[in-house]
Trainee: 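Please find one structure pasted underneath; my questions will follow.
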Amino acid sequence: MRDHVVAHVAAYSGGGTTCATQMTFYRLRRALGLGRHVGPDAPLAPLIGGKLRQAFSDLEADTDLKMPATRAGWLGIVSGLCFAVAVAILAFTTLAPPLRIFAAGASAYAGLWLRHLDRRRLPRRCDTIGDLARLVTEQNRGRLARDGARLTAPEIWRIIQQLAAEESGIDPDLIGSETTFFRAKVRAA
């Protein structure tokens, strides 16, 4: 089955000739306004600057590619705790209702400000512009194939693994070419 799907997708992937990761790297480099002297091994943090959330949003608009999610910094984590405290105040305290609403609101408001001040962090395993190109390529294979990127058999297999993992809830690395899936049949009463 795996071989059939890989052959079928490869036959209809547009017959692209350009490496998808290479195509992504050049788009990112152009969108960041960098010259040819910047290679895939260039550190990403100095190229992006301090406003990571805005930089990724701008990159999405300039490249027409979906960027990977950034990670919360310490302020983002504390803001999540503020929201949890707000919910706990509303649900579990015995304070008078006006005081309870005020305390929960103050905690949630503090959480909003901390989230706003949070300096997001780069995604895991994303230290260079080449790493970012690899992550962006993984999320945009279909779009890149339509734009002329070639899909190799291992890349197509990785897409199949990710789709199967989303449907089954299994880690994609545990899905092999011989993996069997069983779906429980639902019987009408």
Side-chain angles (χ1 to χ4, degrees), residues 21 24 27-28 31-32 43-144 155 157-176 179-189:
T21 306
T24 303
R27 283 187 187 186
L28 290 170
L32 289 168
L44 185 59
L47 299 175
I48 295 283
K51 301 210 178 239
L52 187 62
R53 192 179 316 204
Q54 183 63 44
F56 270 37
S57 178
D58 292 346
L59 282 174
E60 279 189 2
D62 293 344
T63 62
D64 196 32
L65 296 172
K66 184 177 182 332
M67 293 292 127
T70 57
R71 295 181 300 148
W74 285 109
L75 290 177
I77 293 168
V78 172
S79 77
L81 291 173
C82 286
F83 288 119
V85 167
V87 169
I89 289 171
L90 287 174
F92 301 116
T93 62
T94 58
L95 297 172
L99 187 58
R100 183 176 7 178
I101 292 170
F102 175 77
S107 180
Y109 187 71
L112 283 174
W113 268 104
L114 289 173
R115 185 179 184 283
H116 176 72
L117 294 174
D118 180 37
R119 295 181 60 149
R120 306 289 292 180
R121 294 185 295 171
L122 290 169
R124 293 191 194 288
R125 302 180 332 265
C126 188
D127 300 319
T128 66
I129 192 169
D131 294 337
L132 179 61
R134 180 184 44 78
L135 290 174
V136 171
T137 300
E138 288 175 6
Q139 292 184 338
N140 295 278
R141 289 267 181 220
R143 179 173 294 148
L144 292 166
E155 291 169 335
W157 173 240
R158 189 69 184 158
I159 292 169
I160 294 169
Q161 281 180 307
Q162 289 171 345
L163 290 171
E166 287 175 15
E167 284 294 317
S168 65
I170 298 173
D171 180 16
D173 295 328
L174 297 176
I175 298 172
T179 302
T180 304
F181 296 95
F182 294 101
R183 184 171 288 233
K185 294 183 179 180
V186 178
R187 295 184 184 183

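Hydrogens, waters and symmetry mates play no part in the numbers below; they use all other heavy atoms, side chains included.
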Trainee: Is there side-chain contact between Pro68 and Leu122, with heavy atoms separated by less than 4.5 Å?
Mentor: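 Answer no - side chains too far apart.
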
Trainee: Should we count CZ of Arg115 as having more than 12 external heavy atoms under 6.0 Å?
Mentor: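 Open.
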
Trainee: Indicate the atoms forming the closest heavy-atom contact of Ala72 with Asp118, along with that distance.
Mentor: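 Heavy atoms only, the tightest pair is CA-OD2, 3.7 Å.
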
Trainee: State, yes or no, whether a side-chain contact exists between Arg134 and Thr137 at a heavy-atom distance under 4.5 Å.
Mentor: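 Contact flag for Arg134/Thr137 side chains = no.
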
Trainee: Minimum heavy-atom separation for Thr70 and Arg121, please, with both atom names.
Mentor: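 Closest approach of Thr70 to Arg121: CB-O, 3.4 Å.
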
Trainee: Specify the closest pair of heavy atoms between Leu59 and Ala31, including all atoms of both residues, with the distance to one decimal.
Mentor: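 Shortest heavy-atom contact: CD2-CB, 3.7 Å.
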
Trainee: Determine the minimum heavy-atom distance between Ser107 and Ala86, stating which atoms define it.
Mentor: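 So the two residues come closest at OG-N, 3.6 Å.
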
Trainee: Quick check: do Ile129 and Leu32 have side-chain heavy atoms less than 4.5 Å from each other?
Mentor: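 The answer is yes, as the side chains (C-beta and beyond) meet within the 4.5 Å cut-off.
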
Trainee: Do Met67 and Leu28 have side chains that get closer than 4.5 Å, going by heavy atoms?
Mentor: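 Counting from C-beta outward, Met67 and Leu28 do come under 4.5 Å.
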
Trainee: With a 4.5 Å heavy-atom cut-off, do Phe56 and Val136 have their side chains touching?
Mentor: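 Counting from C-beta outward, Phe56 and Val136 never come under 4.5 Å.
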
Trainee: Quick one: are Thr128 and Asp131 in side-chain contact, heavy atoms under 4.5 Å?
Mentor: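 Result yes, sub-4.5 Å side-chain heavy-atom pair found.
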
Trainee: Within the distance-only criterion (no hydrogens, no angle test), does the side chain of Ser79 pair as donor or acceptor with the backbone N or O of Leu112 below 3.5 angstrom?
Mentor: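 No; zero donor-acceptor contacts below 3.5 Å.
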
Trainee: Looking at Arg71, I want to see if its CZ is surrounded by more than 12 non-hydrogen atoms of other residues, nucleotides or ligands under 6.0 Å.
Mentor: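 It does: Arg71 CZ has more than 12 such atoms within range.
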
Trainee: So, do Thr24 and Leu65 sit near enough that their side-chain heavy atoms are less than 4.5 Å apart?
Mentor: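 In short, these two side chains touch, coming nearer than 4.5 Å.
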
Trainee: Any idea which heavy atoms bring Ile170 and Ala165 closest together, and the distance?
Mentor: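 Closest approach of Ile170 to Ala165, heavy atoms only: O-CB, 3.0 Å.
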
Trainee: Under the criterion side-chain contact (heavy atoms from CB on, under 4.5 Å), I'd like the reasoning laid out for Arg27 against Asn140: C-alpha separation, chi angles, the key distance, then a yes or no.
Mentor: CA-CA 13 Å; Arg27 283 187 187 186; Asn140 295 278; over 6 Å; no

Trainee: Indicate yes or no: at least one non-hydrogen side-chain atom of Asp64 is less than 4.5 angstrom from one of Arg143.
Mentor: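 They are in contact (side-chain heavy atoms under 4.5 Å apart), so the answer is yes.
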
